[in-house]
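Quick note: numbers below take in every heavy atom, side chains included, and nothing from hydrogens, waters or symmetry partners.
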Amino acid sequence: MYSSLIKHIESFLSKNPTLQVGLDEICTEIQQKLPNYDWVGFYFHHPQKQELHLKAFAGKPTDHTVIPFGKGVCGQVALSNQNFVVDDVSSQDNYISCSIDVKSEIVIPLFVEAKNVGQIDIDSNKACAFDQKDVVFLEAVNALVSAFILRTNGPL
Ligand code: SME
């Protein structure tokens with residue numbers, strides 16, 4: 001499933017949609033095809049403020065469309081530039097709950113020319129839903145988005 005999703009995303013982005021349409025498609029496609037991916041979203045760094053802004057998502061709408069750097073799992077990744085896999089969200093002190101159903105989460109930073117510009121964030125209603133295969137898959141998704149941004153919009 002992961003490799004067919006990568007092929008689908010690659011092919012979709014090769015038709016040069018807008019960034020918004022491309023991100024919407026990625027969110028919808030992987031949220032529908034991967035059973036543990038209950039919420040999928042892309043946050044991007046605000047150009048001036050130390051904030052993450054939700055740009056695209058699939059799943060239930062969240063109140064957390066703006067997250068300050070340092071707050072929650074997402075805000076920590078904005079500062080650390082590191083992948084963050086949370087097997088059990090109740091174990092995290094610095095966590096922003098979007099839904100009481102969420103049990104585990106993965107956040108992978110998105111780099112454009114080595115600069116952390118945003119992230120892909122996945123929530124699962126199942127505990128321990130994500131492993132190294134998800135890390136590799138989501139890094140590949142972000143690499144495609146990064147190449148697309150450079151090709152179509154230039155650096156963010
Ligand atoms: N749980 C995240 C907030 C974003 S929602 O999952 C959509 C966090 O702790 O940063």
Side-chain angles (χ1 to χ4, degrees), residues 2 5-6 9-10 13 19-20 22-31 34 36-156:
Y2 292 111
L5 282 169
I6 290 294
I9 293 165
E10 212 165 10
L13 294 181
L19 178 60
Q20 186 67 57
L23 296 176
D24 287 343
E25 172 69 15
I26 294 169
C27 291
T28 305
E29 187 69 10
I30 68 179
Q31 195 256 355
L34 296 171
N36 295 329
Y37 284 44
D38 292 295
W39 190 92
V40 177
F42 281 97
Y43 287 93
F44 280 81
H45 296 195
H46 187 278
Q48 283 92 35
K49 300 178 195 167
Q50 299 269 294
E51 288 174 353
L52 291 159
H53 287 243
L54 184 63
K55 187 162 173 69
F57 74 96
K60 284 192 204 149
T62 174
D63 290 339
H64 303 288
T65 55
V66 178
I67 298 177
F69 283 14
K71 301 277 184 205
V73 173
C74 296
Q76 291 176 73
V77 170
L79 296 174
S80 72
N81 308 321
Q82 304 288 319
N83 298 336
F84 202 154
V85 180
V86 182
D87 288 337
D88 171 9
V89 297
S90 71
S91 71
Q92 295 294 312
D93 292 333
N94 189 358
Y95 172 72
I96 301 166
S97 174
C98 285
S99 154
I100 53 159
D101 297 327
V102 174
K103 303 283 192 302
S104 58
E105 177 161 4
I106 182 169
V107 180
I108 305 288
L110 169 62
F111 298 99
V112 176
E113 291 182 316
K115 188 175 163 224
N116 183 355
V117 299
Q119 53 194 238
I120 189 167
D121 174 23
I122 323 292
D123 287 343
S124 180
N125 298 344
K126 193 181 147 212
C128 303
F130 307 110
D131 62 18
Q132 191 56 26
K133 288 193 286 301
D134 299 283
V135 170
V136 169
F137 167 63
L138 294 168
E139 285 180 349
V141 171
N142 278 357
L144 290 175
V145 172
S146 175
F148 173 79
I149 289 171
L150 272 178
R151 194 171 77 238
T152 58
N153 300 58
L156 283 177

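At least one donor-acceptor pair closer than 3.5 Å links the side chain of Gln20 to the backbone N or O of Lys55. At distances below 3.5 Å, not a single donor-acceptor pair connects side-chain atoms of Ser124 with backbone N or O atoms of Asp38. A distance-only check finds no donor-acceptor pair linking the side chain of Asn116 to the backbone of Phe111 [under 3.5 Å]. Put simply, the side chain of Gln92 never gets that close to the backbone of Val73: no donor and acceptor are under 3.5 Å apart. Looking only at distances, no side-chain donor or acceptor of Asn142 sits under 3.5 Å from a matching main-chain atom of Gln119. Here the side chain of Asp88 pairs no donor or acceptor atom with the backbone of Ala127 at under 3.5 angstrom.
Atom CD1 in Ile108 sits 10.5 Å away from atom CD in Gln82 (nearest 0.5 Å). Here the CD1-SG distance, from Ile122 to Cys27, works out to 7.5 Å after rounding to the nearest 0.5 Å. Taken to the nearest 0.5 Å, the CG atom of Leu79 stands 11.0 Å off from the NZ atom of Lys71. Considering CH2 of Trp39 and OG of Ser99, their distance stands at 11.5 Å, rounded to 0.5 Å.
A 4.5 Å side-chain heavy-atom check between Ile6 and Val141 finds at least one atom pair inside the cut-off. Under the 4.5 Å side-chain criterion, counting only non-hydrogen atoms from C-beta, Glu105 is in contact with Cys74. Under the 4.5 Å side-chain criterion, counting only non-hydrogen atoms from C-beta, Val77 is not in contact with Tyr43. The closest side-chain heavy-atom distance from Ile30 to Phe137 is below 4.5 Å. Proximity of Ile106 to Val135: side-chain heavy atoms (C-beta onward) are separated by under 4.5 Å at one or more points.
Between Asn36 and Ala129, the closest heavy-atom pair is CB-CB, 3.9 Å. Residues His64 and Ser97 approach most closely at NE2-O, 3.3 Å, considering heavy atoms. Closest approach of Phe148 to Leu19, counting heavy atoms only: CE2-CA, 3.7 Å. Nearest approach of Leu23 to Ala56, heavy atoms of both residues: CB-CB, 3.7 Å. Across Val145 and Phe42, no two heavy atoms sit closer than the pair CG2-CZ, 4.1 Å. The nearest pair of heavy atoms linking Ile67 to Gly75 is CG2-N, 4.1 Å.
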Task: Pair Gln76-Val107, side chain to side chain contact (heavy atoms under 4.5 Å, CB included): steps then yes or no - done: CA-CA 10 Å; Gln76 291 176 73; Val107 180; over 6 Å; no

Open item on the list: Is there a side chain to side chain contact (heavy atoms under 4.5 Å, CB included) between Val102 and Tyr95? Walk through the geometry before answering.
Closed with: CA-CA 11 Å; Val102 174; Tyr95 172 72; 3.6 Å; yes

Open item on the list: Under the criterion ring pair (Phe, Tyr, Trp, His ring centres under 6.0 Å), I'd like the reasoning laid out for Tyr37 against Phe130: C-alpha separation, chi angles, the key distance, then a yes or no.
Closed with: CA-CA 9 Å; Tyr37 284 44; Phe130 307 110; 5.5 Å; yes

- [ ] Take Leu34 and Tyr2 through the side chain to side chain contact (heavy atoms under 4.5 Å, CB included) test and state the conclusion after the steps.
- [x] CA-CA 9 Å; Leu34 296 171; Tyr2 292 111; 4.1 Å; yes

- [ ] Walk me through it: do Ile120 and Leu110 pass the test side chain to side chain contact (heavy atoms under 4.5 Å, CB included)?
- [x] CA-CA 7 Å; Ile120 189 167; Leu110 169 62; over 6 Å; no

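For the 3.5 Å distance criterion, the side chains of Asn125 and Asp101 fail to qualify, holding no donor opposite an acceptor.
Taking the six-membered ring where tryptophan is involved, the planes of His46 and His53 are tilted, since the angle between them lies from 30° to 60°.
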